[in-house]
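Below is one structure. I have some questions about it.
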Amino acid sequence: MEHDTVLWLHVTTGVVAWVTGAVALWRNLPGRHDRRALAVFHWSVLAVAITAAVLVAFRPGELWWLWLLAMLSYGLALLGYRAPRERSLRWLRLGIHGQGGACIALVTATFVVSVDGMARIAAWALPTLIGVPLLELWYRRATATQRQVAQP
């Protein structure tokens with residue numbers, strides 16, 4: 001398989017992951033549960049990770065970091081997919097941070113490959129600096145919702 005074909009597949013699966021990630025986040029806001037959206041997101045991130053690994057094989061010295069980010073993204077997506085099966089608050093936090101963390105990693109990778117120079121530093125840092133506090137707010141809102149449902 002040639003580099004351009006793999007790159008095209010990687011970009012296409014990345015777009016699918018971005019869209020399905022947004023849908024999965026929205027469909028799983030506090031009080032909602034949509035396992036199908038999480039499943040589609042999980043599988044799309046796996047496709048991104050596989051195509052990223054193939055891309056790295058073409059230029060390992062230049063793209064080694066992409067493989068690490070791809071594996072992190074997939075691990076977080078898997079955690080976000082599996083965690084809602086449990087109903088404890090600990091697992092709720094893992095699920096939210098897994099699903100949201102995978103989205104943050106996808107955004108980070110997209111930004112990093114899209115900019116050069118000093119902007120690349122911001123591309124590495126800003127998605128996490130903005131995304132993690134938002135995930136924590138989402139978790140707090142979800143726990144408040146879950147506690148209200150649990151009260152008689």
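These values consider heavy atoms only, across backbone and side chains, with no hydrogens, waters or symmetry-generated copies.
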_Once rounded to the nearest 0.5 Å, what's the spacing between atom OG1 of T13 and atom CH2 of W8?_
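If we round to the nearest 0.5 Å, T13:OG1 and W8:CH2 are 9.5 Å apart.
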*Which atoms form the tightest heavy-atom contact between W124 and T108, and what is the distance?*
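Looking at all heavy atoms of both residues, the closest pair is CE3-CG2, 3.7 Å.
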*Hey, what do you get for CZ (R140) to CG (L135), rounding to the nearest 0.5 Å?*
12.0 Å
*Establish whether I104 and L25 are linked, either directly or via other cluster members, by ILVMFWY side-chain heavy-atom contacts under 4.5 Å.*
yes
*Which heavy-atom pair separates C103 from G21 by the least distance, and what is that distance?*
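The pair with the smallest heavy-atom distance is SG-CA, 4.0 Å.
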_Hydrophobic cluster identity match, V112 and M71, side-chain contacts under 4.5 Å_ =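 Shared cluster, yes.
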*With the 4.5 Å side-chain cut-off for hydrophobic clustering, are Y139 and L137 part of the same group?*
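The answer is no; the residues belong to distinct hydrophobic clusters.
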*In the hydrophobic clustering (ILVMFWY, side-chain contacts below 4.5 Å, transitive), which residues join L106, or is it alone?*
W18, F41, W43, V45, L46, V48, I50, Y74, L78, V107, F111
*Which distance, rounded to the nearest 0.5 Å, do you find between the CH2 of W67 and the CG of L72?*
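Here the rounded value is 11.0 Å.
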*Same cluster for L134 and V132 if Ile/Leu/Val/Met/Phe/Trp/Tyr side chains link at under 4.5 Å?*
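Different clusters: L134 never reaches V132 through Ile, Leu, Val, Met, Phe, Trp or Tyr contacts under 4.5 Å.
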*Using side-chain contact (heavy atoms from CB on, under 4.5 Å) as the criterion, list what pairs up with I121, not counting sequence neighbours.*
M118
_Minimum heavy-atom distance between A102 and S73, given as atom pair plus value_ = CB-O, 3.5 Å
*For the residue pair L9 and T51, what are the closest heavy atoms and their distance?*
CB-CG2, 4.1 Å
_Point-to-point distance, once rounded to the nearest 0.5 Å, from CG of L38 to CZ of R27_ =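 So the gap between those two atoms works out to 10.5 Å.
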*asked:* With a 4.5 Å cut-off on side-chain heavy atoms, are W91 and L79 touching?
replied: yes
*When you look at Q99 and H42, which way does the side-chain hydrogen bond (donor to acceptor under 3.5 Å, both in side chains) test go after all the steps?*
CA-CA 9 Å; Q99 181 183 355; H42 162 259; over 6 Å; no
*Of the non-hydrogen atoms in A17 and S44, which two are nearest, and what is the gap between them?*
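Taking every non-hydrogen atom into account, CA-OG, 3.4 Å.
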*Hey, could you give me the CG/CG distance between L69 and L63, rounded to the nearest 0.5 Å?*
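CG of L63 is found 11.5 Å from CG of L69.
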*Specify the closest pair of heavy atoms between E2 and F58, including all atoms of both residues, with the distance to one decimal.*
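Closest heavy-atom pair between E2 and F58: C-CZ, 3.7 Å.
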